[in-house]
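Below is one structure, written out as structure tokens; comments come after it.
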Amino acid sequence: MTDRTQNAMWGGRFAAGPDAIMEAINASIGFDRRLYAQDIAGSRAHAAMLAERGIISDSDAAAIREGLLTVLSEIEGGNFAFSTALEDIHMNVEARLKEVIGEPAGRLHTARSRNDQVATDFRLWVRDQCDAAVGGLAALKKALLAQAEAGADWVMPGFTHLQTAQPVTWGHHMMAYVEMFARDAGRFRDARARMNECPLGAAALAGTSFPIDRHMTATALGFDRPMANSLDAVSDRDFALEFLSAAAICAVHLSRFAEELVIWSSAQFRFVALSDRFSTGSSIMPQKKNPDAAELIRAKIGRILGATVALFTVMKGLPLAYSKDMQEDKEQVFDAADTLMLALAAMEGMVRDMTATRENLERAAASGFSTATDLADWLVRSLGLPFREAHHVTGSLVALAEKRGCDLPDLTLHEMNSVHGGITQEVYSVLGVHNSVASRQSYGGTSPDQVRAQIARWKQRLG
Ligand code: ARG
């Protein structure tokens with residue numbers, strides 16, 4: 001056991017300082033220094049309120065608020081010596097404030113605890129990340145809209161089970177992701193609105209006997225209101241769990257799109273060409289152009305979901321109110337947020353730069369009997385067959401085409417009539433992929449008209 005100096009902030013009842021190992025497991029300054037701006041903003045608001053309520057003098061509050069700005073510029077200028085012995089960002093800032101302004105610094109922590117302090121700082125930080133995610137998603141949606149607009153009527157195969165199902169339009173496929181990413185943005189906005197209540201003034205857990213004004217600090221920090229229950233205020237990490245959950249769902253969407261880009265850019269598909277800027281080469285195979293960004297985005301869900309599971313596990317079963325377990329919230333959220341923002345930016349860049357190969361999309365769309373459903377629908381509409389029977393007749397025609405090694409439009413009328421005598425020349429009009437997509441006019445369907453309507457709606461919303 002090393003006898004180290006007592007902690008200046010709470011060492012009063014201690015005869016000896018912490019063991020080095022204790023310090024190592026206890027300190028969070030290695031990561032929570034990222035909260036410095038939020039911590040200083042929270043302290044400045046708190047000091048102003050303490051003076052307003054006559055709890056500290058105006059001159060002390062002014063010295064504190066000014067001194068905190070000095071500390072802020074030291075940190076931002078890289079001239080701040082972070083100390084592990086001072087555990088965390090809160091005590092590092094306060095200790096430095098004492099060096100800068102002297103005695104008044106000791107009055108800042110009146111009517112406050114690190115428990116409400118960290119809850120406030122972290123909420124402010126996560127709130128900013130919600131805004132950043134919404135911003136990143138907006139940029140990505142705009143890139144997708146540009147792709148959709150360029151190819152609103154380009155035809156490509158639509159898949160189910162990754163088997164050719166029906167022709168769809170490129171614009172329709174891009175707009176599907178716009179919908180998904182818009183829901184993601186909605187989740188971040190909802191989470192932000194719910195988290196926008198201020199824990200400051202809950203103090204350690206029970207509130208305080210000082211006549212504080214929690215509404216004043218809440219307003220100063222841009223919160224809608226103070227949190228209504230002091231126990232809840234210091235115990236709650238729902239806001240972090242919600243952020244992580246929204247991030248995990250968004251990462252799922254990113255990974256699905258990333259997977260499609262990997263498939264589409266392969267030599268077997270060639271649906272898209274990714275730009276050089278967002279691809280890499282192989283050190284041994286000169287012909288290779290690898291979709292590394294897409295692969296990494298596909299993988300990032302692992303980290304984000306890992307962080308989500310980790311924090312759920314930390315919070316599960318914790319009794320009220322604050323427990324040190326909760327210090328484990330930050331690294332998970334920091335890493336998940338950094339990962340998500342990077343993945344969003346990389347996806348946006350890839351989408352903006354990529355070129356869809358119209359001819360390859362159309363060629364693929366016309367293969368694999370993709371208009372079989374159109375044929376069955378024609379049999380229902382024109383010959384009055386029950387759908388089940390039309391399905392059966394079409395199945396026989398597909399089998400015949402397969403035997404002949406051709407596609408449905410290549411069958412002669414004679415061959416068609418060998419399966420069903422009622423089929424007429426008119427059937428060929430529904431077998432082309434362009435007619436197929438154009439016919440799907442139902443709301444939200446794949447026809448270019450519908451897709452253009454979707455694009456117009458989103459362009460108006462995204463501005
Ligand atoms: N570093 C701590 C955390 O991140 C701050 C709160 C410490 N509170 C306490 N009572 N020890 O959770």
Side-chain angles (χ1 to χ4, degrees), residues 4 6-14 17-43 45-46 68 71 75 80 82-97 108-129 195 198-208 217 221 227 230-241 243-244 307 310-338:
R4 301 160 72 85
Q6 292 169 11
N7 185 297
M9 299 289 157
W10 46 250
R13 67 160 291 180
F14 287 78
D19 189 271
I21 301 292
M22 178 60 207
E23 197 172 280
I25 193 171
N26 197 38
S28 53
I29 189 62
F31 46 89
D32 70 10
R33 61 178 70 182
R34 284 185 75 167
L35 300 177
Y36 73 88
Q38 290 75 14
D39 193 70
I40 287 171
S43 289
H46 185 65
L68 284 167
V71 177
I75 297 177
F80 189 97
F82 290 101
S83 151
T84 311
L86 287 165
E87 277 186 43
D88 55 29
I89 186 62
H90 324 294
M91 297 203 290
N92 269 268
V93 168
E94 194 185 319
R96 179 64 190 140
L97 181 67
L108 171 61
H109 213 52
T110 315
R112 167 178 99 163
S113 151
R114 275 187 295 155
N115 298 348
D116 58 337
Q117 197 179 349
V118 73
T120 305
D121 295 359
F122 199 32
R123 260 178 203 254
L124 287 170
W125 196 88
V126 176
R127 192 177 74 178
D128 282 351
Q129 296 303 307
M195 77 179 65
C198 187
L200 195 59
L205 73 167
T208 174
T217 40
L221 295 169
M227 289 183 79
S230 64
L231 285 169
D232 178 44
V234 293
S235 308
D236 171 50
R237 291 296 181 275
D238 291 1
F239 63 95
L241 295 174
F243 172 78
L244 289 172
L311 189 56
F312 269 97
T313 313
V314 166
M315 294 309 296
K316 176 206 163 294
L318 274 191
L320 305 189
Y322 178 84
S323 295
K324 196 63 175 254
D325 307 50
M326 288 156 69
Q327 180 166 286
E328 290 288 311
D329 57 2
K330 283 174 264 319
E331 284 166 291
Q332 303 299 341
V333 174
F334 290 159
D335 188 68
D338 291 345

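Order of appearance sets the numbers: ligands from 1, and atoms from 1 within every ligand. Side chains are part of it too, since the values below use all heavy atoms of this structure and drop only hydrogens, waters and symmetry mates.
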Exercise. Could Arg34 and Phe334 be counted as a cation-pi pair, given that NZ or CZ must be under 6.0 Å from the ring centre and within 45° of the axis?
Worked result: yes
For this session: Check Ile29 against Ser83 and note the closest heavy-atom contact, atom names and distance.
Result: CG2-O, 3.8 Å
Seminar exercise, completed: Among non-hydrogen protein atoms, atom 10 (N) of ligand 1 lies closest to Asn115 OD1, 3.0 Å
Exercise. Heavy-atom distance to atom 11 (N) of ligand 1: which of Glu328, Arg237, Arg114 wins?
Worked result: Arg114
Exercise. Is Asp236 paired with Arg123 through a side-chain N to carboxylate O contact shorter than 4.0 Å?
Worked result: yes
Problem set entry | Subset of ligand 1 atoms that lie under 4.0 Å from at least one heavy atom of Asp88 | 1 (N), 2 (C), 5 (C)
Exercise. Would you call Arg114-Glu94 a salt bridge at under 4.0 Å N-O?
Worked result: no
For this session: Determine the interplanar angle of the Phe122 and Trp125 rings, folded into 0 to 90°, and report it as parallel if under 30°, tilted if 30 to 60°, perpendicular if over 60°.
Result: parallel
Problem set entry | Nearest-neighbour protein heavy atom for atom 2 (C) of ligand 1, which is reported as residue plus atom name and distance | Gln327 OE1, 3.2 Å
Exercise. Got the closest protein heavy atom to atom 12 (O) of ligand 1, with its distance?
Worked result: Tyr322 OH, 2.4 Å
For this session: Number the atoms of ligand 1 from 1 as they appear, then name those within less than 4.0 Å of a heavy atom of Ser28, with their elements.
Result: 1 (N)
Exercise. Can a non-hydrogen atom of Lys330 be found less than 4.0 Å from any atom of ligand 1?
Worked result: yes
Problem set entry | Verdict with reasoning, Val93 to Ile40, per side-chain contact (heavy atoms from CB on, under 4.5 Å) | CA-CA 8 Å; Val93 168; Ile40 287 171; 4.0 Å; yes
